[in-house]
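Written below as C-alpha cells is the structure these notes are about.
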2 protein chains.
Amino acid sequence: MARVTIIDVAKRAGVSVASTSRALNGLVASAETIEKVRAAAAELGYAADVTARSLKLGRTQQLAYAVADIGNPVYVEMMSAIERVVAASDYRLVISSTGDVQATVDLVHSLGRGFVDGMVISPLRVTDELVAAIAQAPVPVVVLGRVPESAGVDTVRADSGRGMELVVDHLVGEGRRRLAFLNGPVDTTPGRFRQDGFRRAVADAAGVSTVEVGVDDFTIAEGYRGALELLEGKVAGEIDAIVAANDLIGIGALHAADDLGLRIPEDIAITGVDDTELAQVSRPGLTSVDLGAAERGRVAAELLIARLAEPERPLHTVTVAPSLRVRGSSVLGAIRSVTLASEREASA
Amino acid sequence: MARVTIIDVAKRAGVSVASTSRALNGLVASAETIEKVRAAAAELGYAADVTARSLKLGRTQQLAYAVADIGNPVYVEMMSAIERVVAASDYRLVISSTGDVQATVDLVHSLGRGFVDGMVISPLRVTDELVAAIAQAPVPVVVLGRVPESAGVDTVRADSGRGMELVVDHLVGEGRRRLAFLNGPVDTTPGRFRQDGFRRAVADAAGVSTVEVGVDDFTIAEGYRGALELLEGKVAGEIDAIVAANDLIGIGALHAADDLGLRIPEDIAITGVDDTELAQVSRPGLTSVDLGAAERGRVAAELLIARLAEPERPLHTVTVAPSLRVRGSSVLGAIRSVTLASEREASA
DNA sequence: ATGAAAGCGCTAACAA
DNA sequence: TTGTTAGCGCTTTCAT
C-alpha cells in the first residue's frame, strides 16, 4: 500500500530518474541499465502513477463510453462492440453510467480534460444544455444518436424511420390492419424518432388504423403495464398488433397478452426494436428490427480513434441500416422452435 | 477544444491563481473575488483538469468496479447497487470491463495508483497471480466473491452452499429424485462453489441420484447446448430436474426442454441461480435462488468507502443470505401468470 | 548512454 | 483576504 515512486526505483537501481524512465519505457538505455532498473522495479513492486504520467503527457490513453441506460441489453451490446475496437488500440476504455442528462452534461463538460482523451456518448435525452456541453467539450466526442449539427461532432445513428417501416410493412403484409404503437417516453431520442418513423410508415399504408400509447420507461415492467392498458382499455379487441418501441417493452407486452389469455400471434402480433438477446430467447420469439447496435458501437469507436489521430479531419455522420428478424410473435410458426445456434446462422 | 487553465482564468479575473483556486473551490475569498472568478471561468468555459488536481491532491475521488462478465444481468444489478452507494458519496464510479483474469490483474496492479482511489472487483476466476496483485494493490480493494485470506482485503460473498441447498430441498420436496446439475466452467469461482454446494446438498438428501454436466460459459447458448446434451443423451428420460448454475444457463435449458417437446415442470423441472429479471420474465418463470446480488454490491461499496475513510480499520468479510423464488419452471401452476408488479410485492 | 532540470495544472503552505 | 511559491510524479529536452 506504500507508494513507491520512480525516485525510489532510481535510487535502488543506482541510476538517475531519467534513465529509469527511459529504461521503463523502452527508450534508449544500455542493457545494463535496463536490467538494473527492471530488477529494482520488480523488487519494489513499482507501478507508474498514471495521474502524473497523464499530466506530463497531456493525455490519458483512456476513452470513455457514457451509457444512459445500462439496464437495457442493447447498450451492453454497443458497449461490447466499442470495447473490442478500443482493446485493439492503445487506449483503455472506462464505462460511465449516466442515468440522467445532468450526469452526461457533467461528464462531457467538467470531466473531459484530464479524465479521458475522448468519449462516445449515447444520450437518452438531448437537451440544449447537453448540446452546448458537447459543442465545447474539451475532448473529442462521438455521439451515438441524434444531435443537432451545431454540436459539431461525429455522429453515428440508426435509421429508425426505415426500421419502423420494415416492421409496419411486415405486419401489414401479414394482414394486420389495426396497429397499436406502444412507445417509451417521447422526450427521449429513441422515443421521438421511433414515433416519427411509425407515423410515416403507417401513413404510407392504406386501410390501416392506429392508436398510440406512451409509457414512462423503456422497461419490461412498463411495457407490461402499457400493454395491459391497451388490451383491457377501450381499444381492447380492436387491435391486432402491438408495435413496441423496443424489445423490453415488447417482452412486457408479450407477457401481458399472454396473461390475458390472448394467443400470440393469432389474436395479436407483437414486435420489438433492437433485436436483443431477449427477443431471441422469449417464447414465442419476439419479431424485432435490428437497428445495428453492435455495428453502431464499432463505428463510433473507430470514428473517435480516427479523430484522436487526426483532430482536423472532416466531420462524419454514419447511418447504419436496419434489418428485420421475424419470429413467432408476429407470424404463426415462424422459426418458433429454432435453436439459438441456427438462428445465428440464419442471420448471417 | 483549446485548453484553458486556471492561469487563464486568473488573468481574466485579475487575481492570482491561488485566489482563483480558492474561489472555485469555495474556500476563503471575498465576495468580489468569487464573483470575478466565477465570471471569468464561465466566459472561458473553464473546467479544472482532473489529472493535475488528482496529482496534487494524491487522490482521484474516483472508484472503479471491475466486472468480468457484463453480459450477465446479475453483474449489471450489482453495478447498479454499487453505483447508488457511490453516487451518494463524494466519489465517482467508473466501470471497467475485464473479460479475462489478466485484465483484472493489470487493473489491480498497474492502474491502481492514480487511476482510482479504490476498487470493487468481482473476478470470475481467481488465480495466484490475481491474489498476489490484490495483496499488494496500491489502493484498497474489495472483492465480491471468494479470495484466500492471504489477499488481506475486505470481502463480500454469497452463500452458494445454502443457496444450492434451498434449490435441492425445494426440488426434493416436490418429489424430484433424479437431479442433473448443469454447471458453468468449474474453474470459475461461481462454478466451483455452486458445484460444491450442490454436492453437499444432495449428499444430505436420501434417495436422490445425480448427474453433472459442465458447459463452457455461463450463457443462454451454452445452457441450451448443455441441456440438449443432457436431454438427448444417455440420461434422457432418467432425470426429472435440471439444476442450472445460473439463470442464463437455466433459460437455455428451459428452451432446450421446450424445443424437445418436454413439458415444464411436468416432465422436467428447471431451476436457476441469481434471480435475475430474466428468470422473472421467462415463460414459465424460472425458479431461482436469489444470492443477494444487489445487497452484495451495496455492502461492497460501503466497505470500500469505509476503508477509504479509515484505512486501518479491521478487515471485514460479509456473507449475504440467499432466498428462493419459486416459479412455474419447478412447480405446476406456481404464480405462473402473476404480473411483474405483484411479483415484486410478493418478494417484499 | 546518461544526468540535471524544467514543467505539465493544480492546491496549500506560508507571508504579507 | 490575497499573492508567491513549492511540489505532487512523471517525461523529455538539453548538456555532457
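First the proteins, then the strands, lettered A, B, ... as listed; each starts at 1.
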Side-chain donor/acceptor of [X] to backbone N/O of [Y], under 3.5 Å:
| X | Y | value |
| --- | --- | --- |
| A:Asp117 | A:Gln61 | yes |
| B:Ser80 | B:Val76 | yes |
| B:Thr155 | B:Val153 | yes |
| A:Arg296 | A:Leu291 | yes |
| B:Arg298 | B:Glu83 | no |
| B:Thr98 | B:Val67 | yes |
| A:Asp154 | A:Val142 | no |

Quick one: on DNA chain D, does B:Val17 or A:Ala48 contact a more 5' nucleotide (nearest heavy atom)?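 Comparing both residues, the 5'-ward one is B:Val17.
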
Among D:dG3, D:dG9, D:dT11, which nucleotide has an atom closest to any side-chain atom of A:Leu57?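 Selected nucleotide: D:dT11.
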
Is B:Thr5 touching bases, backbone alone, or none of the nucleic acid, heavy atoms closer than 4.0 Å?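 Touches sugar-phosphate only.
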
How many whole angstroms separate atom [atom1] of [X] from atom [atom2] of [N]?
| X | N | atom1 | atom2 | value |
| --- | --- | --- | --- | --- |
| A:Gln61 | D:dT11 | CD | C1' | 14 Å |
| A:Lys56 | D:dC10 | NZ | P | 13 Å |
| A:Ile7 | D:dG7 | CD1 | P | 11 Å |
| B:Asp49 | D:dC10 | CG | C1' | 14 Å |
| A:Ile6 | D:dC8 | CD1 | P | 14 Å |
| B:Leu55 | D:dT11 | CG | C1' | 13 Å |

Does B:Arg157 count as lying over the ring of B:Phe193, i.e. NZ or CZ under 6.0 Å from the six-ring centre, within 45 degrees of the axis?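 The answer is no, since B:Arg157 fails at least one limit relative to B:Phe193.
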
Cation-pi check for A:Tyr46 against A:Arg12: NZ or CZ below 6.0 Å from the six-membered ring centre and within 45 degrees of the axis, yes or no?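 Ring-cation test returns no.
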
Are there over 12 heavy-atom neighbours, none belonging to A:Glu32, within less than 6.0 Å of that residue's CD?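 No, because the 6.0 Å sphere around CD of A:Glu32 holds 12 heavy atoms or fewer from other groups.
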
N/O (side chain, A:Arg22) to phosphate O (OP1/OP2, D:dT11) under 4.0 Å: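 Checking A:Arg22 against D:dT11: no side-chain N or O falls below 4.0 Å of OP1 or OP2.
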
What residues in residues 23-43 of chain A put a non-hydrogen atom under 4.0 Å from any atom of DNA chain C?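 Here the set is A:Val28, A:Ala29, A:Ser30, A:Thr33.
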
Would you call A:Arg38 and A:Glu35 a salt bridge, using N to O less than 4.0 angstrom?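 A:Glu35 and A:Arg38: not salt-bridged.
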
Along DNA chain C, 5' to 3', what are the outermost nucleotides having an atom less than 4.0 Å from a heavy atom of chain A?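 The footprint of chain A covers C:dA1 to C:dG9.
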
Over its full length, what angle do the end axes of the helix from C:dA1-D:dT16 to C:dA16-D:dT1 make, each axis taken from five pairs and the result rounded to 10 degrees?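 One end axis against the other gives 40°.
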
